[in-house]
Each structure stands twice: as C-alpha cells, then as structure tokens.
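Here's the structure we're looking at; comments come further down.
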Amino acid sequence: METDQVIFISSGAVVGIIVVMINGFPWGLAAAIGLVIVSGGIGIPRIKGNSLIGWARIFTRSKSRQRSGNDQFVQKDDGVEVDFTDDGEVEIVEGPEFEIMDGPVRRGDDTPRDKKNRIRPGKPIRMSLPGEFGELLVYQLPGGGAFIYDPVLKVATIVAEVMTEKAFQLNSFEEKEDRLREWVSVQSTIARIPGVDIVQLSDQTTMISGASIRHWYEEQILKAPTVTTEDGETARQAGADVDPFMHQSLVETIMSVENQPVHDMWMAVVLSKEKLNERIVAAGGGVAGFMETALSMMGTIENAIPTSGAYVTKWHSPHTLAARTRTAFDPDSAIQVSERGEAGVAVRQAGPMYAAPRDIKTYESDGALHRTYKISEWPHSQARLGFLEKLVFAGDFRHTVSLYIKPRDTAKALKANERDRATWSSNDKIRDKIGKQQTARKERQIQDLVQEEDEVTAGHAPLKLSCVITVTAETDRELNANCADLETRAAEANLELRILYGQAEEGFMAGALPFGKLEV
C-alpha cells in the first residue's frame, strides 16, 4: 500500500473517531462506520497498478496540462541563449554554440578561469525539450563535459558513457560473484558521495551505421600495443599488421551492413545544490562553484567504477548529450547522427519537432511511438546472477532499460525497517487469533526485511531501486510485437512489468533520456 493510500485511509479513520466523539452513539457510530467504509473503498483498490487516489492525481495533472497547452510540444527554433543577471534572474542573450572538443582534453586546459583559478561558466544554452525539461540549462565543463543545471529544482546532472571490459555471461560463476560484489561496493561508494541525489544506469539497444563501427574498430587498433619486428620495423598487435586478409574481410563485412544493433550504456549522476552548499561556497559559490564541485566528483566516480569490470570512456559533451537526446525522440536519425561522431547535435536541436501523448499508454515523437514499463514486482525467490539481462537483451529492437538508484539515509532506513517489522509482528498476532495461516509469500517478505537490516548494519548503503523500460517502434503493430517480446522475457526473469498508464510522457523522459529524472 502506497503512502497516499495510507494517509487517505488514516484520515478517514481519524475523522470517524471525531464524528463519534461529537455525535455519540448510535448515530455518530453509524456515520463513522459509513465514513470508514467509504474511505476504505476509495483508498484500498488498485487499478492498472495505481490507486484511485493516484489516478485522480494523474487525471488532474493531465487536465491541467491540457488547459495550459502543455500537453503537446512543437519545436521553436528561436536561436537564443539564456543567462543570469546579477540578481539571479534569467536573461535572454545572443551567443554562439559550444565549441567541439577534438580528441581527449585534460581538464583545465580549455577552461576559462579568472586570476583566482575559478571557473568562468560562460553563457548556458537552454535545451528545447517538452514540459519541465524545457527549463534545463547546459553549461560546458573544463574538458568539454556537459553540466546540465535545473534552476527550478536546484540540481545538476553529469552524464558518463560507460563500457564493460568483457561480457558478464562469459565469466565463470565465481568471477560473476566477484564482479557482483565489486559492483555492490561501487554502488555504495557512489551513493555515499555527499550530494548525490540519484543515479541513473541505462543500457540502450539502438542502431548505428557500419561506418561508426569501423571508426570504433580503427580506434581500437590505434590503442593496441606495438612490437618491434626482426626487420626493425614497428607493428601493432591488431588490424592489418596481424593479418591483412582478416582485417580487410572484417572491414568489408562491417561496411556491407547498413545498420547494426549495439548497446550504448550511460550513467547519469544527479547532484543536489542544497546538499553540496558548503562545498560549493568553498569553491567560489554560484554556478561556477557547483561546476568545480562536479569536476572533483567526476574524478571520484571514474576511480570507483573500474573495480567492477566497467569504466568511464568519456563524460558526454553538450553536443554528444544532445545527440543522444535527439535520437531518443527521433530513432530514424540514429544512423545519421552516429556518423557525426563527437560532432553530435547542436544543443538547441536536441528536442523533437513534435511530441505529445498519443493515448493513455503511448507517447509519440517525430513519428516514433514509445511505451514505458516499470518493474512493479521484483523476483520473490532467489534470483540468479544477471537476471536483468533478459530485459537488456530482449531483442534487436530499440529499447532502453534504466535502473534508478536513490540513496537513503542509514538511520531513517533502519527506523523504517524496524517499523515494518513491528507491523508484520502485529499482523502475525492478529492472523494467529483469527486462525489465518501464514503464506510463503509473507514469510519471504519478512526474510527480506531481516536481510535488509543485516546488510545495512554490515555497512552497505541503503538504496531505493526503481527500473523503467522504454520500448520504441514506428508502427502500432511493431510496438505491440516488441512489447510482447519484452513481457515474455520479463516473465522468464520472474519480473512483473506494469505499463505506466496515464504517464506516457513522464515514463519516456525517465526511461529513454539521460537526465536522471524519475517522476513516475
């Protein structure tokens, strides 16, 4: 039962008690019983994964957006930027786009700083996106990374491209366990970094051109070690220097395929300005201090991840982040955009030309259809290692699996655990008195509470996990077929998926975009 349901039912019970105290017996009692029945009839039922109260909230928000004209988005290329005045107000200004960084750039080499070595943020660019996302401002960090600032929520997002060293399924069982333990440690490390509000880990199955794959292959050749031959010549241990015939055959095979399914992985870290206030002030204050603080945290994250078998290949620049955003709204542009490489897409053009909810469960943008699911029930039995691969590798169709990690306060987590265990204990006594038998599912839930307390006490960071999956297609038939494949794979993994009815836009934004915004 969700918090809003508990509050509603509890409020009905409190009002019922007051009615009895005021009107007495029997009419007050009769009125109170009726009130409790009505509040329970409204507060308890759930339809399509939402309570009636939740549906009322979704319906009210939808109607409000329709009245204000925010239910549909049409791109307006105004060609302007935004800046802040001295008193903190937003000001519209003219200005050029960010420069594109060619190759790896050391932090600080390209950053304008004042005489005190403090960052000069420059003028941000507003991302033209639907809804609340239209408020996001993009700055460029030293080294070319993107710093996405939300002036309303006072949070900033930095996004890293992540890659694994080798496939998880190729490891032995012992190696899988080791990597899992290391990954749990990484999660705890990132979650314990002061100021981290939420972390989004995403794997997107998308299509890219053969030219992009060849470009990546050539980059790997250049990174390969070199040896000196007997003739005194230097040769690389990769590509044509190893086997010219195999090299040429591979290149021709790559280029002969128009598009290939690949997995792009990213990690978006949302930082809270309020929680980092002291560090920001120490770094100079304002947006510049926030950016300096984000830079130091990026280094911490880079150093923490490799122990888990993954590593940060780069921090997305404004242009590559805009490219990822653009292809999420318009998948048909993915191949063309992938051929642009680091040039990416202009920040102002990151949004769609047109986007709007098509119906209660489908979001439409630039001719593409999107449907988003949320994992409503995780496996009740002991899940095997890597069970989420069923969703990640659900098929060669465009879909994005986004896992959200929300750090929780340790003391509050332990108190909540104690409260839940006390509630279970009271319920057990009541069930014993009325002769109701204990079920295996209830016993499993109690065991989970005990295990949660043991893990938090042992030093693991208490985390709240949520997972959303966005499926994309061009037609209704294709979308339904892809969704059916996903639901089948979810059933194989003992996962229960729930379509985000009435929240098609919010679900798409949370599942397919790299901004760490979970509002479902």
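Positions are given from 1 along the sequence. Since this is a predicted model, take the numbers as computed values, not measurements.
- Taking the ring pair (Phe, Tyr, Trp, His ring centres under 6.0 Å) definition, one finds that H399 meets it with F397, sequence neighbours left out.
- Within the model, atoms CG of L500 and CD of E506 stand 9.0 Å from one another, a figure rounded to the nearest 0.5 Å.
- I193 meets the side-chain contact (heavy atoms from CB on, under 4.5 Å) test with V196, M297, T300, I301; sequence neighbours excluded.
- Closest non-hydrogen pair, P407 versus D197, comes out as CD-O, 3.4 Å.
- Scanning all heavy atoms of the two residues, the minimum distance from D150 to V152 falls at OD1-N, 2.9 Å.
- For the pair D241 (side chain) and Q237 (backbone), a donor-acceptor distance under 3.5 Å is absent.
- Scored by the salt bridge (Lys or Arg N to Asp or Glu O under 4.0 Å) test, R371 finds no partners at all (sequence neighbours excluded).
- T470 and T372 share a donor-acceptor pair across their side chains, judged by distance under 3.5 Å alone.
- A donor-acceptor distance shorter than 3.5 angstrom exists from the side chain of S402 to the backbone of G511, with no hydrogens or angles considered.
- To the nearest 0.5 Å, atom CG of residue D396 and atom CG of residue N482 are 10.5 Å apart.
- R489 has its side chain out of reach of E487: every pair of non-hydrogen atoms, C-beta onward, lies at least 4.5 Å apart.
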#### Entry: Worked verdict on K406 versus L518 for side-chain contact (heavy atoms from CB on, under 4.5 Å)
CA-CA 10 Å; K406 176 75 173 178; L518 182 64; over 6 Å; no
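- Checked by atom type and distance alone, the side chain of T400 never pairs as donor or acceptor with a backbone atom of A512 at under 3.5 Å.
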### Query
Taking it one step at a time, do L129 and F515 satisfy side-chain contact (heavy atoms from CB on, under 4.5 Å)?
CA-CA 12 Å; L129 298 174; F515 298 120; 3.9 Å; yes
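- By the side chain to side chain donor-acceptor pair (under 3.5 Å) test, T472 is found to be paired with H370, residues two or more places apart in sequence or in another chain being considered.
- In plain terms, the two heavy atoms of L271 and A294 that are nearest each other are CD1-CB, 3.9 Å.
- Checked for salt-bridge contact, R326 and D366 meet the test: a charged N lies under 4.0 Å from a carboxylate O.
- Taken to the nearest 0.5 Å, the CZ atom of F147 stands 12.0 Å off from the CH2 atom of W315.
- Of the residues listed (R324, M163, E161), the one engaging D264 in a side-chain contact (heavy atoms from CB on, under 4.5 Å) is R324, and it is the only one.
- A side-chain contact (heavy atoms from CB on, under 4.5 Å) with M298 is found for one member of V312, T293, I158 and no other, namely I158.
- No donor-acceptor pair closer than 3.5 Å links the side chain of T362 to the backbone N or O of D359.
- For S272 against F290, the heavy-atom pair with the smallest separation is C-CZ, 4.2 Å.
- Between the side chain of E474 and the backbone N or O of P331 there is no donor-acceptor pair closer than 3.5 Å.
- Looking only at side-chain heavy atoms (C-beta outward), K517 and V155 come within less than 4.5 Å of each other.
- What you find for D485 and A394 is that their closest heavy atoms are CB-O, 4.4 Å.
- Residues I119 and V287 have side chains not in contact (no heavy-atom distance under 4.5 Å, counting atoms from C-beta outward).
- In this structure the side chain of P130 reaches within 4.5 angstrom of the side chain of M509, judged on heavy atoms.
- Taking CD of E292 as the start and CD1 of I280 as the end, the distance is 11.5 Å to the nearest 0.5 Å.
- Of all non-hydrogen atoms in M291 and P121, the two that sit nearest each other are SD-CB, 3.8 Å.
- The main-chain N or O of S128 is never found under 3.5 Å from a side-chain atom of R348 such that the two would form a donor-acceptor pair.
- Counting heavy atoms from C-beta outward, L388 and V401 have side chains that stay 4.5 Å or more apart.
- Taken to the nearest 0.5 Å, the NE2 atom of H316 stands 10.5 Å off from the CE atom of M267.
- Y404 pairs by the ring pair (Phe, Tyr, Trp, His ring centres under 6.0 Å) definition with nothing, not counting sequence neighbours.
- Side-chain atoms of W378 and L495, non-hydrogen and from C-beta on, do get closer than 4.5 Å to each other.
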### Task
Take S202 and Q204 through the test side chain to side chain donor-acceptor pair (under 3.5 Å) and record every step on the way to the result.
CA-CA 6 Å; S202 298; Q204 185 177 78; over 6 Å; no
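- Residues passing the side-chain contact (heavy atoms from CB on, under 4.5 Å) test with E218 are R214, sequence neighbours excluded.
- Residues L486 and L497 have side chains in contact (heavy-atom distance under 4.5 Å, counting atoms from C-beta outward).
- Using a distance-only test at 3.5 Å, with no hydrogens or angles considered, a donor-acceptor pair links the side chain of R236 to the main chain of A224.
- A 4.5 Å side-chain heavy-atom check between S365 and F73 finds every atom pair outside the cut-off.
- For the atom pair T313 OG1 and M265 CE, the distance stands at 8.5 Å (nearest 0.5 Å).
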